[in-house]
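Since the structure comes first, as structure tokens, the remarks are kept for the end.
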Amino acid sequence: MSKKVLVVDDEPSIVTLLQYNLEQAGFEVITANDGEEGMKKAIREQPDLMILDLMLPKMDGIEVCKQLRLQKMMTPILMLTAKDDEFDKVLGLELGADDYMTKPFSPREVLARIKAILRRIQSQPVQEEKEEHSKIVIGDLEIFPDHYEAYFNGERLELTPKEFELLVYLAKHKGRVLTRDQLLSAVWNYDFAGDTRIVDVHISHLREKIEQNTKKPLYIKTIRGLGYKLEEPKNDD
């Protein structure tokens, strides 16, 4: 059975290019020309993956992504933008996009990215059955990977999908120093050519949610010149 891809873009030439190449590669393709239509079709059609433009009429790609994630729709999203803007990139990934491409792009590269995302999604259930059947407890932090939930001091944490995945990866490697490049590869499954600010932004947001003092973190430690590690809190006071 062919995978279904929803393409949301207001440029007819981009839609035509993507639709042709995706169909040639064996995908079923649905299209939408603005954010509102894209939202409705995503909910109704339940595609296997979305290609979502950042700048759209009626509702931009960031808002579409945000609303879908708030509705617990975990459809993988590949975001497109004409702006090579670091802020847009970080924000889009923070809100739950799985990958990011700037225009112009080659259809071959889009197909490679889509296949990489779908491969990762398909491999996750097998890993979850083996590794994620029980909770992880670190200090006052409780993580339930198979339920996509985390609690701190008994209160549920409101985390974006990428924040949650980053927290789980850090927790599974408790006490180990992980480089930014390792975290980029593991959580985003893509080499962002050294764009480690994405990791730093997510670490900062996680600290805001689990640390009493973000300047003196007890859980997520910065290892200068190397990366980060999650460890059992040690109160020296």
Side-chain angles (χ1 to χ4, degrees), residues 48-50 65 69 74-79 86 88-102 109-139 141-152 157-211 217 219-232:
D48 295 290
L49 182 137
M50 283 180 70
C65 186
R69 295 314 189 219
M74 293 298 129
T75 306
I77 294 173
L78 172 61
M79 292 200 80
E86 187 181 24
D88 285 339
K89 184 183 220 177
V90 172
L91 183 60
L93 292 164
E94 182 185 344
L95 288 171
D98 293 79
D99 203 347
Y100 189 100
M101 289 188 67
T102 53
E109 186 180 3
V110 174
L111 285 168
R113 297 282 187 92
I114 288 172
K115 287 173 182 176
I117 293 169
L118 292 175
R119 269 197 309 272
R120 191 183 82 224
I121 298 299
Q122 286 166 355
S123 70
Q124 280 176 349
V126 175
Q127 293 171 350
E128 285 169 1
E129 284 172 19
K130 292 179 181 176
E131 301 173 23
E132 301 186 354
H133 59 279
S134 60
K135 70 179 178 180
I136 303 169
V137 180
I138 301 171
L141 187 62
E142 291 181 296
I143 308 166
F144 298 84
D146 51 343
H147 295 300
Y148 234 81
E149 293 177 1
Y151 296 82
F152 188 73
L157 296 172
E158 293 299 323
L159 302 172
T160 66
K162 288 301 173 194
E163 286 170 4
F164 183 82
E165 289 176 37
L166 178 59
L167 181 61
V168 169
Y169 192 79
L170 286 166
K172 285 185 173 180
H173 299 83
K174 183 180 77 170
R176 278 181 54 189
V177 179
L178 300 167
T179 68
R180 290 171 175 84
D181 286 337
Q182 278 178 298
L183 293 169
L184 278 172
S185 176
V187 176
W188 286 270
N189 198 35
Y190 184 68
D191 177 11
F192 284 101
D195 188 3
T196 56
R197 181 170 176 253
I198 295 164
V199 173
D200 296 336
V201 167
H202 283 69
I203 292 287
S204 174
H205 285 303
L206 281 177
R207 281 178 172 158
E208 287 170 9
K209 294 170 184 180
I210 68 172
E211 302 283 3
Y219 288 87
I220 303 175
K221 299 292 184 73
T222 301
I223 310 303
R224 195 175 297 278
L226 292 172
Y228 299 99
K229 72 173 176 177
L230 178 64
E231 63 181 20
E232 292 279 350

Side chain to side chain donor-acceptor pair (under 3.5 Å) involving Y219 - partner list, sequence neighbours excluded
none
I'd like to check L141 versus L157 (side-chain heavy atoms, cut-off strictly below 4.5 Å). Are they in contact?
yes
How close do I210 and F152 get, heavy atom to heavy atom, and via which atoms?
O-CZ, 3.1 Å
Do side-chain atoms of E142 reach the backbone of V137 as a donor and acceptor pair under 3.5 angstrom?
no
Kindly write out the residues that satisfy side chain to side chain contact (heavy atoms under 4.5 Å, CB included) with Q182, not counting sequence neighbours, or none if the list is empty.
R176, L178, T179
Any donor and acceptor pair, going by atom type alone, linking the side chain of K209 with main-chain N or O of E158 inside 3.5 Å?
yes
Partner of L167 by side-chain contact (heavy atoms from CB on, under 4.5 Å), out of I136, I138, I143, I203:
I143
Close side-chain approach of K135 to Y151, heavy-atom, < 4.5 Å
no
Taking side chain to side chain contact (heavy atoms under 4.5 Å, CB included) as the test, write out the residues that go with K115, two or more places apart.
R119
Could you list the residues that satisfy side chain to side chain donor-acceptor pair (under 3.5 Å) with K221, not counting sequence neighbours?
E231
Just jot down the salt bridge (charged side-chain N to carboxylate O under 4.0 Å, His left out) partners of E149, sequence neighbours excluded, or say none.
R156
For S204, the side chain to side chain donor-acceptor pair (under 3.5 Å) test, sequence neighbours excluded, returns none
Quick one: closest heavy-atom pair of I220 and R207, and the distance?
O-NH2, 2.7 Å
Closest heavy-atom pair, C65 versus I77, reported as atoms and distance to 0.1 Å, is SG-CD1, 3.8 Å
Between V187 and V168, is any pair of side-chain heavy atoms under 4.5 Å apart?
no
Pairing residues for R180 by the salt bridge (charged side-chain N to carboxylate O under 4.0 Å, His left out) criterion, not counting sequence neighbours:
D200
